[in-house]
Amino acid sequence: MSSTAGQVICCKAAVAWEAGKPLVIEEVEVAPPQAMEVRLKILFTSLCHTDVYFWEAKGQTPLFPRIFGHEAGGIVESVGEGVTDLKPGDHVLPVFTGECKECRHCKSEESNMCNLLRINTDRGVMLNDGKSRFSIRGQPIYHFVGTSTFSEYTVVHVGCVAKINPAAPLDKVCVLSCGISTGLGSTLNVAKPKKGSSIAIFGLGAVGLAAAEGARIAGASRIIGVDLNSNRFDEAKKFGVTEFVNPKDHNKPVQEVIAEMTNGGVDRSVECTGSVNAMISAFECVHDGWGVAVLVGVPNKDDSFKTHPMNVLNERTLKGTFFGNYKPRSDLPSVVEKYMNKELELEKFITHEVPFSEINKAFEYMLSGAGLRCIIRMGA
């Protein structure tokens with residue numbers, strides 16, 4: 001065990017005291033892990049749209065003060081009682097969703113939605129005792145989706161920790177903890193385009209480009225990018241996108257445009273925007289008889305998906321996915337190996353890097369649309 005096992009660790013963390021206000025670097029106390037928990041030393045973390053959404057508290061119940069962050073790479077510092085598959089020094093990726101390996105979902109080969117450790121944005125505390133492991137002078141600081149990686153040390157349920165190849169560079173593979181794996185898996189695991197097939201990707205942000213990367217890896221011959229921002233098209237070429245459609249450039253529904261381009265529709269489509277209109281278009285643009293559409297984006301709670309039943313009866317298939325259908329503990333190590341084998345190109349997603357002391361710059365980059373992923377170097 002490490003020399004700090006069982007002790008409270010004092011370290012730096014970026015604390016969100018209020019919604020939408022800059023994070024403040026504070027000295028925090030991090031309690032030791034309890035049963036089935038792991039304390040991690042975070043070496044690199046990244047900013048995701050999900051962090052920004054809940055930091056802004058848009059349409060959400062504010063839960064502050066809070067430590068955000070859920071895309072990261074680090075090493076195990078110590079483990080709690082009952083943890084047998086991790087030890088101090090292991091290289092890991094913490095993940096916002098988990099895999100307890102005991103529930104019906106975890107035991108199913110068709111699901112990755114763990115009953116115990118499914119994402120919960122409202123909880124803010126650990127499952128074991130309903131308390132936080134973070135505090136500042138006795139004041140509890142809330143967790144975020146069970147990870148809180150904007151801290152030099154954090155405590156995570158063991159089911160939300162994927163052990164990976166220690167040779168993998170954590171400053172690159174840390175982006176696999178959320179959005180990149182979600183997009184990649186939505187194509188490789190769910191849409192499953194055949195070699196030489198066609199696919200439309202709706203939304204060319206980080207998740208959509210990861211879906212395009214998956215289509216490239218799968219060998220799709222036509223990868224059609226659909227986005228309302230034409231400035232994204234040049235960047236998307238790096239991810240294998242071969243053609244582009246901006247719905248604003250046409251006076252007809254984009255699904256009709258794509259059907260005309262592809263002699264009846266694409267073989268597969270992946271929607272990565274959260275817009276219900278884009279979801280409908282993604283479904284209706286696939287070819288009858290065999291087309292498969294996959295929904296990835298999260299819609300507004302009051303949205304309603306409407307399409308004519310004949311679109312289903314004509315043998316189009318609609319699917320949804322959560323975290324790209326990857327089981328975090330079981331599957332993420334193999335995704336890391338795709339990068340190590342140079343099959344998956346992660347460097348294309350990393351557009352900025354800042355020291356931890358300048359973490360608010362990462363928010364500025366994200367809010368301005370200046371980049372895809374910003375790596376934050378802890379301890380700097």
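Quick note: numbers below take in every heavy atom, side chains included, and nothing from hydrogens, waters or symmetry partners.
Atom CD of Glu347 is surrounded by more than 12 heavy atoms from other residues, nucleotides or ligands within 6.0 Å.
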Less than 3.5 Å apart, which donor and acceptor atoms pair up between the side chains of residues 158-172 and the rest of the protein, not counting sequence neighbours?
residue : atom : partner : partner atom : Å
Asn165  : OD1  : Ala167  : N            : 2.8
Asn165  : ND2  : Glu337  : OE2          : 3.1

Give the table of side-chain donor-acceptor pairs shorter than 3.5 Å for residues 215-224, with sequence neighbours excluded, one pair per line with atom names and distance.
residue : atom : partner : partner atom : Å
Arg216  : NE   : Glu213  : OE1          : 3.3
Arg216  : NH2  : Glu213  : OE2          : 2.9
Arg216  : NH2  : Glu343  : O            : 3.1
Ser221  : OG   : Gly196  : O            : 2.8
Ser221  : OG   : Ser197  : O            : 3.4
Arg222  : NE   : Glu243  : OE2          : 2.8
Arg222  : NH1  : Met261  : O            : 3.3
Arg222  : NH2  : Glu243  : OE1          : 2.7
Arg222  : NH2  : Glu243  : OE2          : 3.3
Arg222  : NH2  : Met261  : O            : 3.4

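Linking Ile, Leu, Val, Met, Phe, Trp and Tyr whenever their side-chain heavy atoms come within less than 4.5 Å puts Phe305 and Val312 in one cluster. In the hydrophobic clustering of this structure, Met126 groups with Val79; members are Ile, Leu, Val, Met, Phe, Trp, Tyr whose side-chain heavy atoms approach within less than 4.5 Å, directly or through other members. Placement of Leu313 and Val286 in two distinct hydrophobic clusters is found when ILVMFWY residues are connected by side-chain heavy-atom separations under 4.5 Å, directly or transitively. Cluster annotation: Val15 is connected to Phe64 through the hydrophobic network of ILVMFWY side chains, with a link wherever side-chain heavy atoms come within less than 4.5 Å. By the criterion of side-chain heavy atoms lying less than 4.5 angstrom apart, applied directly or through intervening Ile, Leu, Val, Met, Phe, Trp or Tyr residues, Ile67 is grouped together with Met378 in one hydrophobic cluster.
Other members of the cluster containing Val8 do not exist, because no ILVMFWY side chain is joined to it at under 4.5 Å. Grouping Ile, Leu, Val, Met, Phe, Trp and Tyr by side-chain contacts under 4.5 Å, direct or through others, puts Leu116 with Leu117, Leu127.
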**OP:** Please step through salt bridge (Lys or Arg N to Asp or Glu O under 4.0 Å) for the pair Glu260 and Lys252, ending with a clear verdict.
**Re:** CA-CA 11 Å; Glu260 291 175 1; Lys252 64 178 68 174; 2.9 Å; yes

**OP:** Output, in order, the C-alpha distance, side-chain angles, deciding distance and verdict of side chain to side chain contact (heavy atoms under 4.5 Å, CB included) for Val292 and Lys319.
**Re:** CA-CA 7 Å; Val292 177; Lys319 293 185 175 183; 4.2 Å; yes

**OP:** Start with the C-alpha gap between Asn325 and Thr321, add the side-chain angles, then the distance that decides, and say whether side chain to side chain donor-acceptor pair (under 3.5 Å) holds.
**Re:** CA-CA 6 Å; Asn325 210 38; Thr321 184; 5.2 Å; no

Original post:
salt bridge (Lys or Arg N to Asp or Glu O under 4.0 Å) between Glu77 and Lys41: does it pass, once the steps are laid out?
Top reply: CA-CA 6 Å; Glu77 176 272 335; Lys41 181 178 182 179; over 6 Å; no

Original post:
Stepwise, does the ring pair (Phe, Tyr, Trp, His ring centres under 6.0 Å) test hold for Phe233 with Phe244?
Top reply: CA-CA 7 Å; Phe233 293 169; Phe244 301 93; 4.6 Å; yes

Original post:
For Phe144 and Asp51, what are the C-alpha separation, side-chain angles and deciding distance, and is it a side chain to side chain contact (heavy atoms under 4.5 Å, CB included)?
Top reply: CA-CA 9 Å; Phe144 178 65; Asp51 296 307; 3.3 Å; yes

**OP:** Show your reasoning for whether salt bridge (Lys or Arg N to Asp or Glu O under 4.0 Å) applies to Lys348 and Glu345.
**Re:** CA-CA 6 Å; Lys348 298 181 296 189; Glu345 301 170 5; 2.9 Å; yes

**OP:** Kindly indicate, with the supporting measurements, whether the criterion salt bridge (Lys or Arg N to Asp or Glu O under 4.0 Å) is fulfilled by Lys361 and Glu364.
**Re:** CA-CA 5 Å; Lys361 283 188 177 180; Glu364 294 173 10; over 6 Å; no

**OP:** Please test Phe96 against Phe323 for ring pair (Phe, Tyr, Trp, His ring centres under 6.0 Å), starting from the C-alpha separation and ending with a verdict.
**Re:** CA-CA 9 Å; Phe96 67 93; Phe323 193 51; 5.4 Å; yes

Subject >> CA sep, side-chain torsions, deciding dist, call: Ile199, Val266, side chain to side chain contact (heavy atoms under 4.5 Å, CB included) >> reply: CA-CA 6 Å; Ile199 183 169; Val266 288; 5.7 Å; no

**OP:** Please report the C-alpha distance between Val270 and Val296 in whole Å, then the side-chain angles of each, then the deciding distance to 0.1 Å, and finally whether the side chain to side chain contact (heavy atoms under 4.5 Å, CB included) criterion is met.
**Re:** CA-CA 7 Å; Val270 180; Val296 180; 3.7 Å; yes

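A donor-acceptor contact shorter than 3.5 Å links the side chain of Asp303 to the backbone of Asn300. Side chain of Glu353 to backbone of Ile376: no donor-acceptor contact under 3.5 angstrom is found. Side-chain atoms of Asn189 come within 3.5 Å of backbone atoms of Gly324 as a donor-acceptor pair (strictly under, hydrogens ignored). With hydrogens and angles disregarded, a donor-acceptor distance shorter than 3.5 Å links the side chain of Thr154 to the backbone of Thr147. Using a distance-only test at 3.5 Å, with no hydrogens or angles considered, no donor-acceptor pair links the side chain of Arg133 to the main chain of Ala31. With hydrogens and angles ignored, the 3.5 Å screen pairs a side-chain donor or acceptor of Asp227 with a backbone N or O of Leu204. Side-chain atoms of Ser281 never come within 3.5 Å of backbone atoms of Ala278 as a donor-acceptor pair (strictly under, hydrogens ignored). For the pair Ser132 (side chain) and Ile141 (backbone), a donor-acceptor distance under 3.5 Å is present.
One finds the CG atom of Leu346 at 7.5 Å from the CD1 atom of Ile180 (value rounded to the nearest 0.5 Å). Residue Leu344 holds its CG atom at 8.0 Å from NZ of Lys338, rounded to the nearest 0.5 Å. One distance of note links CD of Glu56 with CZ of Phe363; it measures 9.0 Å at 0.5 Å rounding. Distance check, rounded to the nearest 0.5 Å: CG of Asn128 to CD of Glu37 gives 5.0 Å.
Side-chain contact between Trp17 and Leu23: absent, with no pair of heavy atoms (C-beta onward) separated by less than 4.5 Å. Residues Ile201 and Ser269 have side chains not in contact (no heavy-atom distance under 4.5 Å, counting atoms from C-beta outward). Contact annotation: the side chain of Leu184 approaches that of Tyr326 to within less than 4.5 Å [non-hydrogen atoms, C-beta and beyond].
The two residues Phe202 and Ala282 make their nearest non-hydrogen contact at CE1-CA, 3.6 Å. Between Asp267 and Ser198, the closest heavy-atom pair is OD2-N, 2.8 Å. Considering every non-hydrogen atom in both Ala200 and Ile258, the closest pair reads CB-CD1, 4.3 Å. In this structure, Cys106 and Cys100 approach most closely via the heavy-atom pair SG-N, 3.4 Å. For Leu372 against Ala206, the heavy-atom pair with the smallest separation is CD2-N, 4.0 Å. Taking all atoms of both residues into account, the shortest heavy-atom contact from Arg373 to Glu71 is NE-OE1, 3.0 Å.
Evaluation of the salt bridge (charged side-chain N to carboxylate O under 4.0 Å, His left out) test over residues 18-29, restricted to residues two or more places apart or in two chains, returns Glu18-Lys21.
Ring geometry for His143 against Phe134 counts as tilted: the plane angle lies between 30° and 60°, on a 0 to 90° scale. In this structure, Tyr365 and His352 have parallel ring planes: the angle between them is below the 30° cut-off, well short of the 60° mark. Classified by interplanar angle (parallel below 30°, tilted 30° to 60°, perpendicular above 60°), the ring pair Trp290/His287 is parallel.
The ring pair (Phe, Tyr, Trp, His ring centres under 6.0 Å) search around His105 returns none, not counting sequence neighbours.
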